[in-house]
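Written out below as structure tokens is the structure these notes cover.
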2 protein chains.
Amino acid sequence: MKIGALAKATKTKVETVRNYEKFGLLPPPARTTSNYRDYGSDHLARLPFIRRARNLGFTLKALRELLELSDNQDQSCEAVDDIASRHLAEIDQKIDDLTTLRSELDRLIGACQHGTVGECKIIETLAPRI
Amino acid sequence: MKIGALAKATKTKVETVRNYEKFGLLPPPARTTSNYRDYGSDHLARLPFIRRARNLGFTLKALRELLELSDNQDQSCEAVDDIASRHLAEIDQKIDDLTTLRSELDRLIGACQHGTVGECKIIETLAPRI
DNA sequence: GTTTGATCCTATAGTTACTACAGGGTGCAT
DNA sequence: ATGCACCCTGTAGTAACTATAGGATCAAAC
């Protein structure tokens with residue numbers, strides 16, 4: 001498939017797709033005789049992963065590391081363990097933060113339905129843990 | 001407190017703090033006679049919220065909207081409900097994505113400990129929901 | 001068979017959010 | 001009074017994306 005079809009299928013801008021290739025997140029696809037990029041199902045699977053992970057605040061650099069866990073199956077257990085563990089801690093923190101933020105937004109909406117907006121404590125929800 | 005102390009207390013770069021003020025996320029603090037920014041406890045509470053929310057992938061624009069829920073307590077219930085609900089859906093999606101990604105990393109580490117690295121299915125974890 | 005329009009190519013410049021640096025003022029401590 | 005750490009404004013750099021320019025390719029319509 002050509003870049004336009006891939007971009008559409010993954011709701012990504014064409015320029016962003018090319019950008020990922022330049023950065024080494026998407027392997028360079030085959031080219032047609034007229035030099036058009038010709039993507040396969042591996043690209044189609046990989047791109048949504050990148051998009052979602054980006055949306056979750058992972059940098060392209062962090063993503064490259066995670067994708068290498070997938071690409072180089074022959075890596076040492078220590079390497080896999082180290083990389084995965086580091087990201088696991090980061091992910092847990094993010095889930096925690098999102099969960100507390102979620103509760104406060106939920107409470108806000110609930111208070112609203114009872115006609116009493118009350119004090120908004122959004123800021124406190126993400127206050128630093130001591 | 002001066003900007004350096006605030007930055008240190010919130011693990012933020014001094015330049016980033018000034019940037020948030022320019023963007024309207026942090027209210028301009030009082031100034032000393034020598035024109036130094038003089039922050040109070042409200043700034044000290046607000047900044048960690050901004051930092052965490054940024055880390056979760058919220059844009060400065062989205063943050064400004066969320067912070068207005070907190071600042072303008074006199075907003076209409078409909079406005080609060082609308083803004084909060086939109087962000088709630090976004091947050092739920094993020095929690096879902098992080099949870100599935102977390103499981104796969106966890107499985108990878110587990111497999112590692114049993115000496116059988118096995119196939120890495122990270123990419124599939126964030127595959128599109130149909 | 002050529003013209004129109006959509007899509008592709010590369011390359012460059014703009015945007016957002018942050019970071020770094022330049023050039024200069026402030027304030028305390030030795 | 002001379003460092004030295006900190007503050008100020010302003011500008012320029014980075015990362016990741018987005019937009020635009022200038023041109024090639026291809027399918028379809030006339």
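Order of the sequence lines sets the chain letters (A, B, ...), proteins ahead of strands, with each chain counted from 1. What you are looking at is a predicted structure, and each value in this text was computed from that prediction instead of being measured.
- By the 4.5 Å heavy-atom criterion applied to side chains, B/Arg86 and B/Glu90 are not counted as neighbours.
- Near-neighbour residues of DNA chain C inside residues 18-26 of chain B, defined by a heavy atom below 4.0 Å, number-ordered: B/Asn19, B/Tyr20, B/Phe23.
- Taking CG from A/Leu47 and CG from A/Leu26, the interatomic distance works out to 5.5 Å, rounded to the nearest 0.5 Å.
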Subject >> Criterion side chain to side chain contact (heavy atoms under 4.5 Å, CB included) on A/Phe49 and B/Leu101, from CA distance to verdict >> reply: CA-CA 10 Å; A/Phe49 172 80; B/Leu101 181 56; 4.1 Å; yes
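- Counting heavy atoms from C-beta on, the side chains of A/His87 and A/Glu65 come closer than 4.5 Å.
- Shown here for B/Leu6 and B/Val17, the closest heavy-atom pair between the two residues is CD2-CG1, 4.0 Å.
- Rounded to 10 degrees, the angle between the two end axes of the helix from C/dA17-D/dT14 to C/dT30-D/dA1 is 20°, with five pairs used at each end.
- You'll find the side chain of A/Pro29 reaches within 4.5 Å of the side chain of A/Glu21, heavy atoms only.
- With a 4.5 Å cut-off on side-chain heavy atoms, A/Arg54 and A/Tyr20 count as touching.
- Listed by residue number, the members of residues 30-39 of chain B with any heavy atom below 4.0 angstrom from DNA chain C are B/Ser34, B/Tyr36.
- In terms of modelled atom types and a separation under 3.5 Å, the side chain of A/Lys13 and the main chain of A/Ala7 share no donor-acceptor contact.
- Checking side-chain atoms of A/Thr59 against main-chain N and O of A/Ala62 turns up a donor-acceptor pair under 3.5 Å.
- Counting only distance, with no hydrogens or angles, the side chain of A/Thr16 and the backbone of A/Thr12 share no donor-acceptor pair below 3.5 Å.
- The shortest side-chain heavy-atom distance between A/Leu67 and A/Ile50 falls under the 4.5 Å cut-off.
- B/Asp42 and B/Arg46 are not joined by a salt bridge, as no carboxylate oxygen comes within less than 4.0 angstrom of a charged side-chain nitrogen.
- Considering CG of B/Leu60 and CG of B/Asn19, their distance stands at 7.0 Å, rounded to 0.5 Å.
- The shortest distance between side-chain heavy atoms of A/Arg31 and A/Asp38 does not fall below 4.5 Å.
- In the 5' to 3' direction, nucleotides of DNA chain C lying under 4.0 Å from heavy atoms of chain B begin and end at C/dA17 to C/dG27.
- A ring-ring contact (aromatic ring centres under 6.0 Å, His included) check over residues 21-42 of chain A, counting only residues at least two apart or in different chains, returns the pairs A/Tyr39-A/His43.
- The stretch residues 1-14 of chain B touches DNA chain D through B/Lys2, B/Ile3, B/Gly4, each having a heavy atom under 4.0 angstrom from the strand.
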